[in-house]
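So the structure is just underneath, and the comments pick up after that.
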Amino acid sequence: MNRFSLLVGLFLLLAAGAVSAQSTLVFGQSGLPVSLDSADAQDGNSLLVARQITERLVDMAPGSSDLVAGLATSWSASKDSTVWTFSLRAGVNFHDGTPFNAEAVKFNFDRWNDPSHPYHLREEGKNYVPWSDFVFGGFLNEGSPLLEVRVVDDLTVEFHMDKPLGLFPNMLAAIYFQIDSPAAVMAAGADYGTPGVGSVGTGPFKFVEWREGELVSLERNDDYWGEVAASERLVIRGIQDPTARLAELRAGAIDIAIQLAPGDLPIVEGDPNLETALPDSELNVGYLSFHQGNPPFDNPLVREAVAYAIDRELIIDAFYEGLGTVAQDFLPPQMWGHSESAVARPYNPERAKVLLREAGFADGFDTELWFMPVSRPYFPSPEPIATAMATFLADVGINAELKTIDWATYLQQYRQGAFPMYMLGWNADYADPDNFLFTFFGPSAVDTQGWDDPQTRELLGFAREASDPVDRQELYAKVQTRVTEHVPRVPIAHNRSLTAIRTNVEGVIPSPVSPSEIPLHLVSKQ
Amino acid sequence: MREVRTHEKGQSLFQDALKRFFRNPTGLLGLAIISFFVIASLLAPILRPYDARRDRDLRARLNPPSAEHIFGTDELGRDLFVRVWHGGRISLRVGLTAVVLALVVGTFLGLVAGFFGGWLDMFVTWLVDILLAFPGILLAIAIVATLGPSLRNALIAISVTQIPIYVRITRAVTLSLRESEYVQAAHALGSRPGRIIFIHLLPNGLAPLIVQLTLSIGVAVLDVAALGFLGLGAQPPDPEWGVMIRDGFRQFLRAPWMSIFPGLAIFFSVVGFNLLGDAIRDVIDPRLKNV
C-alpha cells in the first residue's frame, strides 16, 4: 500500500512536470539576439525575439507577405502620397502599463529618424542602420524622405514626406520598425535592448530575462489585444551549428529549429518525431554578378554568354534538395512585378560559344569567380555550387579561378569592383519589388556592378513614387526587361529555408518573407 | 669495430649502405609505398588524363563506393578514385619542391654561418631561433595569410618552416669539420673559402641532410594537406587531398567515403616517407654501423 501511494505520488509529480514543460515552448535558432531594440538590430536572431515582444504599425498576415493591420488599423495617403495618415488601434497598453497612442508613435519615429532627438543616441552606440541604409536611405536632412510626424489626435498620426512615397506602408512592415514603450526607452537610454534591460512593447510575449550566451526567456502577455499566446512561456536558444540544432531537436531539448542545412532534409523526414514546416516559397534570390569595370565583362555579349553557359536547373537539382527553384528574374516567383519578356536565358552552351566568338574571345579567357565563405538561405553551400558553375564555364572556354575571402571583407570588396564575377543574394525586408530591384539596380549598381544606367534608375525612382499598383507593375516590368537585356547579373535560384518541428507542436506558420517572421504566439504544444 | 677485417674486399660507403638497406624490412616497406605513389603519380596523366576544371557529373552525386567508382563519388559526382590518384601528384610535387627549396637555402645559410662564424653566424642563428619559436604549421598559416591562399604560397610557407632544420644540421656539421685536418690543410694550401665550403665541407656533411630530406617530405606532405584543409593551400577544384577531406567534412554523415580515401592516401604516403627516412638514417649513420 505504501509502495502504491509512493508510485501514485511519483506519477503525479511526473505529470505535473510534464504539464509545466508543455506550456513552455523552446525555439532554436543560430544565435542569441544582438539587441532587442528592433530598429537598431540588423540580424534575424535579434529580430525574431524582438518580434514576439514589440509590434509594427503595419504587419504581415501569418504565412503570407500581405499587409494587415498591426498597431495601426487603417492608413491612407493624400492624393500625391506625400502625407500618410494612420489610425491607431484603441485600448492597447505597453507591458509597463503606459498607453499606446499617437504620441508614442511620434516618439518612436522621431527617435529613429531625427539625429538631434534626445533618444537617438548615435554617439552612445545606437545606429539604426535598417532605417538609414536598408529602407529609407538616410536620416532627417541626410536623405530621409520623412520630414515630420504630426499627432492629429490621440489615435491618429500623419507622416509628412518631402516626395511621394507610394510604398510607405510596405516599408513600415519591414521587421525593424517595431514600436517600443517611450517610458521604457527614456528610462534605459542607450542601454535599451541590452540583456540587462530587454525591451517593452505591446506584443503577445513580455520580456523576462536574457541570460547571455544561454537563452532569452519570455512570458505570455495575458492582456494582449489579439489572440493570447498558447504557451505560457517562450524560451529562445542560440545554437550556432545547424547539425547541433538538429541534434537537440531530435533529442527533444528544443521544439522548433529554424535554418537547418538542406542536406539534413532526409534525416528530418526519416525521424518519426519530427516534421518539416516549409513555406511554399520564400522571398530571396541568389545571383551571379559581374563587375563591368573588369574586362571582358564590360562586353554585354560576354555576360550573355555566361548566362547561357550555366545549367542552373541541374545545379538546383543537385544542391537545393528540392527546396529551391530556378530564378527566372530577380523577383521571387510569387511576387508581382515580373515581365513576360524578361525570362532568364536557358542552358545553351553552343549559343554561349557563338556569343564569345562574336565578342572576340573564340579561345575563351581567364577570370575569377568569387564565392561566399558562409552559407546563406539563397546559396546553402556556396563552394560546391561555385565549383559546379566554374565547370560549366570551363565547358565554353571561360577559365574561372575560384576564390573566396572572409565574409566581412567579401561584403566590403564586392562594392569596390574587386571581384570580376561573384556570388551573392538577398533576403527581403519587405514584400515589394522595390526592396529587390531598387537595392540591386538603383544607385548602388554603379558600385556593385559597375553598371551606370540612368534609364533604369529613373524607372526605379518613378516606381518608388507612384501610388497606382498598375503603374508600378508596368514600371517594374520595364526595369526587368532592361536588366534582362543588359545582363548586369545572372539570377540563379530562389530557396526555402528548412524549419523542422517536433510532431507534438502545432500552429507553426513559416513566413515567406523570412524565417524570423514566425508568429510564435500561435504555436501550441500538446 | 670489433675486429679488423683485413681479409675482406674493400667496399665503398655506398655499396655498404645499400647492402644494409636491403636487410632492413621496414625500410623496404617504406620504399615500396613511396615507389607505388611515385609510379602512380607519374603514370596518372598517361593512363587517366584528368581536367579538374571540367570534371562534374551532377547526376551521380554522393554515390557510395561501387564497381564503377571504387572510391565513390563526391558532391559534384566526381570519381574519388581518379581524384585521389591525381591528388598524389600535387602532394608529392609540392612536398618535394618545398623540401628541396628549404634544403638549398638552409644548407647554404648553415655552411656560411658555420664556416665564417662571427656576426654572420650570430645573425643566422638568431633568425633561425625566431623561426623555430613558432610551431611549424602556425608559421605556415601566418605566411599564407599574409601572401594570400594558393598552392604556390603554401609551398613557399612550408619551405620557410623547414629552413631552420637544415641550417642547424649544416651549421653543426660545419663547425665540427672546420677544425679537421684536411680543412686546415686546404687552408694552408691557400684554397679560397668557396672552394673549401663546397668541395670539402658540403660532401662530408651530406649524410644527415639526406636523412632529414626524406623525413621532411613526409612532414611537408602533411602540411600541404593541412593548409588545403584550412582553405589556405590548394584551391577548389584542384584534387588536393586536404581540400578533398574538407569537402567531405561537410557531408561526413551522408558520404564518409569522401574524406576517408584521401585521408588514407595521406596516411600511407606520410608513413612511407617516415619508414624510408628512418631506414636511411639507420643505414648511413656511422655511429650505428655494425651494431
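Throughout, protein chains are lettered first and strands after them, A, B, ... in sequence-line order, and every chain is numbered starting at 1.
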_Quick check: closest heavy atoms across A:L402 and B:P236, and the distance to 0.1 Å?_
CD1-O, 3.4 Å
*For A:R351, what residues pass the salt bridge (charged side-chain N to carboxylate O under 4.0 Å, His left out) criterion, not counting sequence neighbours?*
none
Pairs of donor and acceptor atoms under 3.5 Å between chain A and chain B, please, with atom names and distances.
residue, atom, partner, partner atom, Å
A:A318, O, B:R61, NH1, 2.5
A:A318, O, B:R61, NH2, 3.4
A:E321, OE2, B:R254, NH1, 3.1
A:E383, OE1, B:R246, NH1, 3.3
A:T391, OG1, B:R56, NH1, 3.0
A:A394, O, B:R54, NH2, 2.9
A:D395, OD2, B:R56, NH1, 3.0
A:D395, OD2, B:R56, NH2, 2.9
A:N399, OD1, B:R53, NH1, 3.2

*chain B heavy atoms under 4.5 Å from A:I315: which part of the residue, side chain, backbone, both or neither?*
both
*At a heavy-atom separation under 4.5 Å, does A:A390 approach chain B through its side chain, its backbone, both, or neither?*
backbone
*Tell me, out of A:G263, A:A400, A:A394, who's got the most heavy-atom pairs with chain B below 4.5 Å.*
A:A394
